[in-house]
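Written out below as structure tokens is the structure these notes cover.
It should be emphasised that the depicted structure is a prediction, and the values quoted were computed from it without experimental measurement.
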Amino acid sequence: MSPQQLIPLAVIPVVIVLVLLRNRRKRVLRPNLLWVMPAIVAPLILLGVWGSSRTAGATAFGLDAWAVLLVGAVLGGVAGWWRGKTVAIEKEPDGSLKAQASPLGLVLVVALFAFRGVLRPLIESHAAQWHLNALAVTEAFLVFALALIVLQRVEMYIRARRILAGGRDPHMEVAA
């Protein structure tokens with residue numbers, strides 16, 4: 001393996017350990033700001049997908065390619081909703097909310113990147129045989145990530161509003 005391939009492989013485990021250590025403590029959750037990340041990421045990803053569909057040629061994104069993108073969006077939404085449920089949200093005595101991410105959420109993201117890394121060369125080499133648009137499959141991972149971010153935040157917002165209104169977090173009761 002070349003140094004360009006080894007450096008990311010050496011850095012990724014360090015980053016994972018740092019993120020896991022950081023997620024061990026509870027952080028303040030501001031439900032009114034959960035829209036910020038999707039508002040930043042969505043236009044960038046959608047613009048990238050739109051640009052890819054335009055630069056690849058007029059026939060690049062037919063009905064089959066849009067179906068692949070839709071599958072990526074649906075799977076990302078399901079994963080995002082699940083990932084949002086893994087975040088523990090508690091109401092503090094002062095009325096603020098604290099959230100603690102689960103290590104399972106990080107495992108999902110790492111598995112996604114690993115799966116993408118394994119799948120990309122396979123799709124690129126066999127796309128014509130499988131009648132797939134390799135660009136659409138690659139872009140489907142971006143759409144997956146977008147749906148994951150948006151639906152995770154939506155799920156957390158719904159639970160946070162319920163908790164602020166005096167309700168309990170059903171996910172905390174299951175874990176207890």
Test item: [X] and [Y] side chains (from C-beta on) under 4.5 Å apart, heavy atoms:
X	Y	answer
V154	W81	yes
V41	V150	no
L47	W50	yes
L69	W66	yes
K98	I89	no

K91, E90, M156, E92 screened by side chain to side chain contact (heavy atoms under 4.5 Å, CB included) with L97, the one that passes: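 Of the listed residues K91, E90, M156, E92, the side chain to side chain contact (heavy atoms under 4.5 Å, CB included) partner of L97 is K91.
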R159 (side chain) donor-acceptor with G84 (main chain) under 3.5 angstrom: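 Yes; at least one donor-acceptor contact below 3.5 Å.
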For P43 against P38, the heavy-atom pair lying closest together: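 Closest approach of P43 to P38, heavy atoms only: CD-O, 4.0 Å.
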Smallest separation among heavy atoms of A147 and G77, with atom names: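 Looking at all heavy atoms of both residues, the closest pair is CB-N, 3.4 Å.
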For the atom pair [atom1] ([X]) and [atom2] ([Y]), what is the distance rounded to the nearest 0.5 Å?
X	Y	atom1	atom2	result
L151	L146	CG	CG	9.5 Å
F144	I149	CZ	CD1	10.5 Å
L164	Y157	CG	OH	9.0 Å

L46 reachable from V49 in the ILVMFWY side-chain graph, under 4.5 Å edges: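 Yes, because V49 and L46 connect within a single hydrophobic cluster, where side-chain heavy atoms sit under 4.5 Å apart.
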Pair E155-V87, side chain to side chain contact (heavy atoms under 4.5 Å, CB included): steps then yes or no: CA-CA 10 Å; E155 201 282 332; V87 176; over 6 Å; no
Test log, rule side chain to side chain contact (heavy atoms under 4.5 Å, CB included), inputs L29 and L34: CA-CA 8 Å; L29 176 67; L34 286 173; 3.8 Å; yes
Atom CG of L63: over 12 foreign heavy atoms under 6.0 Å: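 No.
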Whether over 12 other heavy atoms sit under 6.0 Å from R30 CZ: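 No, the 6.0 Å shell around CZ holds no more than 12 heavy atoms from other groups.
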